[in-house]
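In what follows, a single structure is set out as structure tokens and then discussed.
We're numbering straight along the sequence, starting at 1. Predicted, not measured: the structure shown is a model, and the values here were computed from it. Only this structure's heavy atoms are used, side chains among them; waters, hydrogens and symmetry mates stay out.
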Amino acid sequence: MRRWLPLLPALLITLGLFGGGLLLSFVQSLGYAPALGQTALNLDAYRTLLADHTFSSSLGLTALVATVSTALAAVFGMGLALLLHRAGGATPGHAARLRFLAGLTLPIPHLVAAILTLLLLSQSGLLSRLTLAAGLTHGPQDFPALLYDPRGVGIILELVWKETPFIALNVLAVLSGLDPRLQDVARSLGAGRWVRLTRVTLPLIRPALLSSGVLVFAFTLASFEVPALLGATSPTTLPVLAYRAFTDSDLTARATAMALSVVIALLGGLLVWAYVRAQAAGRLR
């Protein structure tokens, strides 16, 4: 019990704010709205979602964006961490500078990053103008429409760009703490570079890679600002769909917005629960 006492203030704040908000959202998703004269609890909002094609399309797009962006960020992040670890092995000062450069995008808010992506990758953006100046295209119409794509290409590109350094620095922290003699022993036993990577390095960095990936997936699942700025009008992701329902002039749609919020929280919670259970069972070690 004593070991939990230092964490008690943080737990109370977290449970009070997040748990209280989630509970209030769940109650409102059941149709409880005294201001509108609705006090009887029901599952109408959830039935409406299950019967709505827009919800299923948004759910599919949300899962696609979260899965693809997390997978690409994990692959690129691991590769970047390995490159930084090898390049920074000479001197501590050089390694610190490389880590600083790799983490430059971390303080940038996703809203700002989305605007930068819009200015760079839109059909009238900087990259389109550069291809026009180079004679590769003859106008904005020739540049590929990477943004507002129904498959979420622009959303994925922004999320991968932002989350790759986060995963890379987490994996790099583990790589920096590994005993270099492990590689020497494997090399002396005849293991090539690929074998050392897959049999020695990857098993050791896998916990950091998986934990970072779970955090990135949970974040991208609930991301609002990036899909709102770079995504198509239809289909859109679940957070944007929830915001539209919440700001609808018809106040009876508030229950649908809360039901969507509960679904998003449930999906993220199930992911974290599955990861914790798998880790406790030793399947991720």
Side-chain angles (χ1 to χ4, degrees), residues 4 7-67 69-70 109-111 114 148 150-152 155 159 214-278 280:
W4 291 100
L7 299 176
L8 190 58
L11 288 175
L12 289 176
I13 293 175
T14 302
L15 293 176
L17 294 178
F18 177 75
L22 185 60
L23 179 61
L24 180 61
S25 298
F26 178 68
V27 171
Q28 291 186 4
S29 73
L30 298 178
Y32 183 77
L36 301 178
Q38 301 173 355
T39 56
L41 302 183
N42 56 73
L43 296 174
D44 292 347
Y46 294 95
R47 295 192 187 99
T48 301
L49 288 181
L50 292 177
D52 191 359
H53 174 71
T54 302
F55 170 73
S56 58
S57 299
S58 297
L59 180 61
L61 178 63
T62 303
L64 174 67
V65 168
T67 302
S69 58
T70 301
H110 272 276
L111 178 62
Y148 315 118
R151 293 162 295 185
I155 305 172
L159 291 172
V214 168
L215 292 176
V216 169
F217 188 92
F219 172 80
T220 55
L221 193 70
S223 176
F224 164 75
E225 62 272 32
V226 179
L229 283 174
L230 304 180
T233 304
S234 179
T236 187
T237 60
L238 291 180
V240 178
L241 197 65
Y243 175 78
R244 291 177 181 173
F246 186 83
T247 55
D248 197 310
S249 57
D250 182 7
L251 295 181
T252 58
R254 187 67 57 86
T256 302
M258 294 305 175
L260 284 166
S261 301
V262 171
V263 169
I264 296 169
L266 182 62
L267 291 175
L270 287 175
L271 171 70
V272 175
W273 176 82
Y275 170 76
V276 172
R277 286 294 302 269

Scan the side chains in residues 222-234 for donor-acceptor partners under 3.5 Å anywhere in the protein, sequence neighbours excluded, and list what turns up.
none

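Here Ala33 pairs with Leu36, Gln38 under the side chain to side chain contact (heavy atoms under 4.5 Å, CB included) rule; sequence neighbours left out. Judged as a ring-ring contact (aromatic ring centres under 6.0 Å, His included), and not counting sequence neighbours, the contacts of Phe219 are His110. Applying the side chain to side chain contact (heavy atoms under 4.5 Å, CB included) test to Leu12 and every residue at least two apart in sequence or in another chain returns Leu8. Residues passing the side chain to side chain contact (heavy atoms under 4.5 Å, CB included) test with Thr236 are Ser58, Val240, Leu241, Arg244, sequence neighbours excluded. Partners of Ala259 under the side chain to side chain contact (heavy atoms under 4.5 Å, CB included) rule, at least two apart in sequence or in another chain, are Ser29, Ala45, Tyr46, Leu49.
Annotation: the span from Tyr243 atom OH to Thr237 atom OG1 amounts to 13.5 Å, rounded to 0.5 Å. Rounding to the nearest 0.5 angstrom, the gap separating the CG atom in Leu260 from the CG atom in Leu59 is 10.0 Å. Distance check: Thr247 OG1 to Asp250 CG gives 11.5 Å after rounding to the nearest 0.5 Å. Atoms CG and CD1, on Leu61 and Ile155 in that order, are 6.0 Å from each other to the nearest 0.5 Å.
In this structure the side chain of Ile13 never reaches within 4.5 angstrom of the side chain of Phe18, judged on heavy atoms.
Ser56 places a side-chain N or O within 3.5 Å of a backbone atom of His53 that can act as its donor or acceptor partner. Between the side chain of Thr220 and the backbone N or O of Phe217 there is at least one donor-acceptor pair closer than 3.5 Å.
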side-chain contact (heavy atoms from CB on, under 4.5 Å) evaluation trace for Leu267 with Thr62: CA-CA 11 Å; Leu267 291 175; Thr62 303; over 6 Å; no
Residue pair Leu30, Asn42: steps toward the side-chain contact (heavy atoms from CB on, under 4.5 Å) verdict: CA-CA 5 Å; Leu30 298 178; Asn42 56 73; 6.0 Å; no
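Considering every non-hydrogen atom in both Leu159 and Val65, the closest pair reads CD1-CG1, 3.8 Å.
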